[in-house]
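A short worksheet on the structure shown next.
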Amino acid sequence: MSDVQIITGNQAAAMAARLCNVQVVAAYPITPQSQLAEILSQYVESGSLRAEYVRVESEHSAMTVCISASTVGARVFTATSANGLLYMHEQLHWAAGSRLPIVMCVVNRGVGAPWSIFNDQQDSLSQRDTGWIQIHCRDNQEIMDSVIQAYRIAEQVYAPVMVCYDGFVLSHTMMPVHIPGANLVRSFLPPYKPHTILSPENPKNINPVLLPNPRMSAEGILCDGYMEMRYKLQKAMEDSREVIIKTSREFADAFGRDNGGMLWEYRTDDAEVILSAMGSVAAEAMAAVDQLRAEGIGAGVVGIRVFRPFPKEDVARAFRKAKAIILFEKSISYGYEGGLSSELKAAFYRTDIHAPVHDYIVGLGGRDVKARELVEAAKSSVEAIRSGTPEKHTSWLNCITE
Amino acid sequence: MIEIRWHGRGGQGAVTSVEMLAMAAIEAGKYAQGFPAFGPERRGAPVMAFNRISEKPIKIRSGIYRPDVVVVLDPSLVGLVNVTDGLKPGGVLVVNTSKPASEIRKVLNYKGRLYTVDATHIAREELGVPIANTTMLGAVLKATGVLALKDLSAPLAERFGRLAIKNVKALKRAYDGVKTAQAA
């Protein structure tokens with residue numbers, strides 16, 4: 001057998017965590033993430049992964065265990081979905097505020113109420129402001145590759161990373177994945193050398209209540225106030241773009257696969273119509289673009305890989321030649337529009353990009369998104385723009401709205 | 001690209017069939033996908049699983065609605081589930097059954113290409129269990145020519161270890177024994 005295996009997204013994530021030699025795993029099973037937690041516990045039980053698997057009673061505790069283990073210098077991993085992620089929400093802020101290099105897979109699922117076990121991206125998108133780097137994967141290979149890259153990024157910038165992939169569409173779909181050799185991964189990702197924060201030899205009080213203003217410590221050192229700490233997290237997130245791009249490039253050199261850094265492009269060279277999305281819908285958009293081109297429409301795809309930090313400079317370059325921009329989003333910011341739409345339009349502020357942006361909400365709660373539907377939506381948008389009506393209210397694709 | 005839909009019951013290994021076929025496609029230098037019908041899993045309930053096999057990398061992530069091939073793993077599903085739903089004109093239906101093809105045609109009101117084999121009988125003799133998922137792989141290969149028998153050797157060895165030999169024997173019997181019923 002070659003190094004290519006037919007595996008699900010959950011298997012790819014578990015194998016990647018094992019290749020990264022994670023030392024502590026704490027995860028609470030939830031559909032569609034469960035298989036990932038199960039495989040990791042089997043690895044630990046069989047001894048093929050030398051890690052501590054901590055069983056917990058909730059996602060809040062899973063993240064708390066990860067925070068604690070990371071604080072004493074372990075490389076940690078967890079994964080969750082939907083309401084499990086929401087239950088973690090407070091600890092997500094805590095992990096980022098503590099500047100811990102935790103990596104977590106978010107197996108994207110719709111959020112209740114009403115209950116859905118099926119896929120959309122409302123869960124991870126609603127964690128936008130927690131201070132986590134957010135990477136979205138278009139196929140199972142990218143899940144494998146992004147988890148490996150995520151540790152290298154997290155351990156350089158001291159910020160936690162979410163590796164997001166669509167529930168069922170990727171988590172339960174078997175696809176060919178190159179499994180990299182352990183030695184290659186180890187040379188790309190050396191063992192974690194923590195700037196040890198807490199140890200029995202050096203006990204200290206961490207994350208105490210900070211007062212509004214900086215103040216002198218007992219040793220006479222000027223210490224940050226709360227606001228300085230917030231600024232440093234923001235600065236780290238802004239600076240992480242360079243690290244993400246460099247990591248992606250060095251990964252490509254070492255492994256022969258280029259995930260594109262902040263975003264990737266497909267057939268955009270001469271494209272006037274740009275389709276854009278995150279995750280598996282972006283892959284479906286590639287199939288849609290092939291069909292559009294066969295029908296004579298010069299279309300391409302810009303796949304947004306990293307949602308936080310937002311790739312402001314990168315989208316300004318990638319969309320500069322677009323005459324029409326058509327977005328397909330698996331989440332909605334209630335009362336406004338899809339999250340990606342707002343971010344992109346803000347990124348275009350004071351650039352030369354004045355193309356109409358049409359925003360389609362698709363596939364919520366697992367409603368299947370077919371390439372043909374993307375083609376029809378794109379064609380209707382192109383037609384509307386050509387006939388002089390560039391503005392379009394956010395539309396819900398394949399949804400009864402009247 | 002060829003798209004295949006498998007009908008079985010939860011616990012009969014339809015997903016394993018899908019996995020084996022996808023792995024075999026990779027062995028043959030092709031590209032493949034395999035996935036279950038998304039949702040909760042219930043033992044004994046009618047389930048579906050799907051394959052895509054292509055000469056080129058597969059970009060599509062959506063479901064399969066117009067399959068080229070439909071495989072029925074469990075004889076009791078004929079007449080219970082609409083197994084020919086969306087099957088392309090000129091497509092192939094492969095059924096595990098002990099009944100004559102004419103009876104299957106009548107129950108399904110189906111006039112297209114049909115292959116039948118009593119895979120449960122073969123599996124019981126060769127494997128000692130009435131689980132026909134690997135046996136039916138032989139019938140599918142014969143009926144579709146999508147891959148060669150040899151392409152399945154490595155995936156079966158990887159998945160079943162010592163039991164692979166028995167599985168290979170069973171699927172070869174299904175390969176040789178599957179009956180073509182010409183379009184009526």
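Keep in mind that this is a model prediction, so the values were computed, not measured. Chain A is the first sequence line, chain B the second, and so forth, proteins listed ahead of strands; every chain is numbered from 1.
With Met174(A) as the fixed residue, the side-chain contact (heavy atoms from CB on, under 4.5 Å) test singles out one of Glu19(B), Gln33(B), Met23(B): Glu19(B). With respect to Phe38(B), the side-chain contact (heavy atoms from CB on, under 4.5 Å) criterion is satisfied by exactly one of Asp368(A), Thr173(A), Asn119(A): Thr173(A).
Using a 4.5 Å heavy-atom cutoff, the side chains of Met175(A) and Tyr31(B) are not in contact.
The nearest pair of heavy atoms linking Ser62(B) to Ala371(A) is OG-N, 4.4 Å. The two residues Phe118(A) and Pro40(B) come nearest to each other via the heavy atoms CZ-CD, 4.4 Å. When all heavy atoms are compared, the tightest approach of Ala32(B) to Ile6(A) is O-CD1, 4.1 Å.
Both the backbone and the side chain of Ser280(A) come within contact range of chain B, with heavy atoms under 4.5 Å apart. For chain B, the nearby part of Asp290(A) is the side chain; its heavy atoms alone come within less than 4.5 Å. For Leu170(A), the part lying near chain B is the side chain, with the backbone staying farther off; criterion is any non-hydrogen pair under 4.5 Å. For a residue to count as touching a neighbouring chain, one of its non-hydrogen atoms must lie under 4.5 Å from one of that chain's; by this rule Tyr65(B) touches chain A with the side chain only. With a 4.5 Å cut-off on non-hydrogen atoms, Val169(A) touches chain B through its backbone and its side chain both.
With values rounded to the nearest 0.5 angstrom, Met286(A) atom CE is found 11.5 Å from Ile60(B) atom CD1.
Panel note: side chain Glu284(A), backbone Arg61(B); a donor-acceptor pair is recorded below 3.5 Å.
For Lys106(B), the NZ atom is loosely surrounded, since the number of other residues' heavy atoms within 6.0 Å does not exceed 12. Summarising the local packing, CG of Leu184(A) is surrounded by more than 12 heavy atoms from other residues, nucleotides or ligands at distances under 6.0 Å. Glu295(A) CD: more than 12 foreign heavy atoms inside a 6.0 Å radius. The local environment of OH in Tyr175(B) is crowded, with over 12 non-hydrogen atoms from other residues, nucleotides or ligands closer than 6.0 Å. Residue Arg42(B) places its CZ atom among 12 or fewer non-hydrogen atoms of other residues, nucleotides or ligands, all under 6.0 Å distant. With a 6.0 Å radius and a threshold of 12 heavy atoms from other residues, nucleotides or ligands, Asn109(B) has its CG atom at or below the threshold.
Annotation: maximal heavy-atom pairing with chain A below 4.5 Å, among Ala25(B), Pro36(B), Ala157(B), occurs at Pro36(B).
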